[in-house]
Amino acid sequence: MSSTALEAVKISGRMQAALAAGIFVLALLLAAYTQNAWEDWYITYRASQNLAAGEGLVFQPGERVHSFTSPLGVLIPAGIAAAVGPATDVGVVLWIFRVVCALVLAGTLVVLARLGVRLELAFWPMLLLLGAFCLDLKTVLFSVNGMETAYMLAGVALTLLAFRDLSRRRFWQLGVAWALLMWVRPDGCVYIGALSLGLLLFGWRNAHIQSRAELLRCLVLAGLVTTVLYLPWFLWAWWFYGSPVPHTILAKGSMHDAAPWANRLIDMLRFPVISLYVPVSLDAMYLPPEAVAFGGWHPAVLWVSKLLSWIAAFYWLMPRSDAWSRGVSFGLFLLNLYFCFVMNTLYPWYIPPGTMLTTLVLALILQRALAFFASRENRPGPLMLRGAVVAFLVYLGGLFAAGAYHTHWRQFLIEDGLRRELGVWLNENSPTGQETVFIECLGYVGYFSQLKMLDWPGLSSPEVVAARKKHQTEKWETLIRELQPDWVVLRDHEADFISSRDPGLLQGPYREVKRFDREPDVEALPWMPGRMYFILDDTFVVYQRAGEVAPPVPPPSSADGSAGG
């Protein structure tokens with residue numbers, strides 16, 4: 001990335017410390033304002049707390065179900081709970097975890113700054129790289145709301161830095177970075193493979209590596225280091241749960257009718273074109289969480305994210321661009337294929353590593369454009385590019401503020417004001433504490449009720465997965481009749497949908513006993529971007545089993561849709 005026309009930025013140790021302190025404070029201020037605890041935090045922490053209390057790493061004591069995805073995401077909170085006492089209020093544990101994650105996020109920013117120095121970025125590309133990282137709401141929010149995102153970002157950043165300095169003597173650094181990715185999530189191997197393939201194809205040469213064969217040897221050695229570091233967890237999980245694959249993956253993997261792989265491959269080949277007019281993961285890179293899934297944001301916001309991400313994801317197709325930029329771009333492209341054609345559902349906490357890679361590619365493109373104009377002594381060109389960087393960062397700051405406002409009210413009205421209260425109510429009104437609850441949103445209700453959850457699609461419940469397979473259906477009314485839970489908790493529109501298909505279920509063996517309604521409070525909000533995300537969750541209805549439940553009819557010849565239609 002060296003250019004005689006551009007002066008590379010030098011970042012001193014004091015400046016690195018200032019960067020780290022800045023994003024650390026920003027992350028904690030965001031956490032304090034929003035008070036956001038993501039739904040999955042409570043799913044994971046219920047297992048963490050049980051481990052700290054001596055019940056084992058399980059969601060339901062006595063049931064060895066791998067109900068979480070991230071090993072680090074469950075073990076670090078378990079360690080905190082053990083240190084402060086398993087009976088300590090969950091909010092205290094969450095705040096300690098937030099501080100730890102904010103420190104990891106700060107370290108990741110320092111790693112990015114060092115990567116920028118190794119790439120010899122000039123001031124404006126470096127400003128874009130670091131500024132966009134700090135001002136992406138998803139990146140900061142999911143690093144302090146109970147998710148494992150900060151660790152995933154650290155693993156990807158360390159992988160990139162290790163690749164830049166890779167040599168036969170430094171292969172272990174890459175192996176450690178890869179091991180971190182695997183300890184964060186089992187699909188860390190996808191990130192490892194995508195970036196490795198991209199840099200193997202394009203950006204394989206550095207000061208120490210002069211052939212692809214030499215790079216391959218380093219990758220193999222790094223893989224051995226990763227295997228040694230990750231193998232203990234892999235073997236323990238296999239022994240304890242009976243499988244190294246998290247049950248959450250098994251449950252989510254069959255949520256949708258899988259399209260034939262031949263059709264998927266065709267769609268992958270068409271991806272550069274269809275991604276321009278179909279909602280895909282590229283749209284989400286610079287958007288607040290759930291903006292793609294639920295809408296409610298200005299179309300211009302969606303198009304800015306889509307076009308910038310599209311440029312970064314397909315930059316590898318430019319034959320005369322520098323090799324390292326193309327390698328990272330190709331890795332980003334492969335990750336988007338994974339998001340769109342393997343995962344099926346776009347989980348917003350998966351997106352920040354993709355956003356970081358997108359920004360890195362854009363910064364490298366900006367570096368090349370500035371060098372081009374500088375070599376021709378073109379003054380308007382660099383001035384326009386600098387203005388674009390400033391405008392983009394101001395734009396991201398505005399999105400950050402709007403998204404934080406949205407999250408603050410969502411937490412107050414829906415998460416704490418409805419789901420948490422619902423879980424507490426079930427706990428207080430449970431006759432025995434042993435009843436079963438059918439529900440989709442497992443986290444808050446599952447944690448605060450402490451009841452046996454029969455959640456859809458079965459993240460904590462093998463019974464639900466077995467019932468889905470037995471009847472070859474996603475119809476909730478069929479699953480309810482098969483499982484016969486003591487309680488059924490539904491959003492109002494879910495209840496209406498079930499009643500339209502099985503009128504006798506919720507007016508016969510089940511009766512409505514409680515309604516949690518925040519619709520008037522949501523309607524009273526004068527301005528709210530992404531309001532639909534509130535509306536879909538603003539009313540829940542609790543049904544209690546009042547009599548015998550007739551078994552479901554025999555399964556049809558083909559699977560049907562879920563209650564949500």
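The shortest side-chain heavy-atom distance between Cys189 and Trp178 does not fall under the 4.5 Å cut-off. Between Val156 and Leu195, the closest side-chain pair of non-hydrogen atoms falls below 4.5 Å. Contact of the Leu112 side chain with the Phe133 side chain is registered, since non-hydrogen atoms from C-beta on lie closer than 4.5 Å. Here the side chains of Leu72 and Leu180 are in contact, with some heavy-atom distance below 4.5 Å. In this structure the side chain of Asn145 never reaches within 4.5 angstrom of the side chain of Trp349, judged on heavy atoms. Residues Leu105 and Phe24 form no side-chain contact, since every pair of their non-hydrogen atoms from C-beta on lies 4.5 Å or further apart. Put simply, the side chain of Leu57 reaches to within 4.5 Å of the side chain of Trp236, judged on heavy atoms. The closest side-chain heavy-atom distance from Met152 to Leu181 is below 4.5 Å.
For residues 129-144, every residue pair satisfying the side-chain hydrogen bond (donor to acceptor under 3.5 Å, both in side chains) rule, not counting sequence neighbours, is listed here: Asp136-Lys138, Asp136-Thr139.
Arg326 contributes atom CZ, which lies 13.5 Å from atom CG of Leu364 (distance to the nearest 0.5 angstrom). Here Thr69 contributes atom OG1 and Tyr347 contributes atom OH; the two are 9.0 Å apart, rounded to the nearest 0.5 Å. Note that CG of Asp165 and NE2 of His208 are 6.0 Å apart. Values are rounded to the nearest 0.5 Å. In this structure, the separation between OG on Ser281 and CG on Asn336 is 3.5 Å, given to the nearest 0.5 Å. Here the straight-line distance linking atom OG of Ser460 with atom CZ of Phe59 works out to 4.5 Å at 0.5 Å rounding. Atom CD1 of Ile209 is separated from atom OG of Ser211 by 7.5 Å, given to the nearest 0.5 angstrom.
Under the 30°/60° scheme for interplanar angles, the aromatic rings of Trp316 and Phe333 are found to be tilted. The aromatic rings of His66 and Trp233 sit perpendicular to each other, their planes meeting at more than 60°, with 30° as the lower class boundary. Between Tyr45 and Trp41, the ring-plane angle classifies as parallel under the 30° and 60° cut-offs.
Pro288 and Leu137 make their closest contact through CB-CD2, 4.1 Å (heavy atoms, listed as atom of the first residue, atom of the second, distance). Here the closest non-hydrogen pair linking Phe163 and Ser196 is CZ-OG, 3.6 Å. A pairwise comparison of heavy atoms in Cys134 and Val140 identifies O-CG2, 3.4 Å as the closest pair. Residues Gly188 and Met182 approach most closely at C-SD, 3.8 Å, considering heavy atoms. Residue Leu308 comes nearest to Leu362 through the heavy atom pair O-CD2, 3.8 Å, listed as atom of the first residue, atom of the second, then distance. Minimum interatomic distance between Phe314 and Ser275 (heavy atoms only, all atoms of both residues): CE1-OG, 4.0 Å.
Remark: side-chain polar atoms of Gln16 are not paired, donor with acceptor, to backbone N or O of Val110 under 3.5 angstrom. In terms of modelled atom types and a separation under 3.5 Å, the side chain of Arg410 and the main chain of Tyr533 share a donor-acceptor contact. For the pair Lys10 (side chain) and Val117 (backbone), a donor-acceptor distance under 3.5 Å is absent. In this structure a side-chain-to-backbone donor-acceptor pair under 3.5 Å is missing from Gln367 to Leu6. Under the 3.5 Å distance criterion, the side-chain polar atoms of Thr44 are matched with a main-chain donor or acceptor of Asp40. Listed for the Glu7 side chain is no donor-acceptor partner under 3.5 Å among the backbone atoms of Ala122. In this structure, Thr355 contributes its side chain and Met285 its backbone to a donor-acceptor pair below 3.5 Å.
Residues Tyr338 and Asp187 have side chains that bring a donor and an acceptor to within less than 3.5 angstrom of each other. For Ser309 and Thr358, the side-chain atoms include no donor-acceptor pair closer than 3.5 Å. Side chains of Thr359 and Tyr286: a donor on one and an acceptor on the other come within 3.5 Å.
Within 6.0 Å of CZ in Arg168 there are 12 or fewer heavy atoms belonging to other residues, nucleotides or ligands. The neighbour count for Trp172 CH2, taken as heavy atoms of other residues, nucleotides or ligands under 6.0 Å away, does not exceed 12. In the displayed structure, Trp238 atom CH2 is contacted under 6.0 Å by at most 12 heavy atoms of other residues, nucleotides or ligands.
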side-chain contact (heavy atoms from CB on, under 4.5 Å) between Leu201 and Phe330: does it pass, once the steps are laid out?
CA-CA 9 Å; Leu201 290 176; Phe330 189 72; 3.7 Å; yes
List the steps, then state whether side-chain contact (heavy atoms from CB on, under 4.5 Å) holds for Asp283 with Leu302.
CA-CA 6 Å; Asp283 301 31; Leu302 303 178; 5.5 Å; no
Should Val342 and Val190 be marked as a side-chain contact (heavy atoms from CB on, under 4.5 Å) after you check the CA-CA gap, both sets of side-chain angles, and the distance that decides it?
CA-CA 11 Å; Val342 178; Val190 176; over 6 Å; no
Please assess His247 against Val465 for the test side-chain contact (heavy atoms from CB on, under 4.5 Å), listing each intermediate value before the final yes or no.
CA-CA 10 Å; His247 185 73; Val465 176; 3.7 Å; yes
Solution key, residues 221-229 side-chain donor-acceptor pairs under 3.5 Å, sequence neighbours excluded:
from	atom 1	to	atom 2	distance (Å)
Thr226	OG1	Gly175	O	3.0
Thr226	OG1	Ala222	O	3.0
Thr227	OG1	Gly223	O	2.8

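Under the 6.0 Å distance and 45° angle rule, Arg98 does not count as a cation-pi partner of Trp38.
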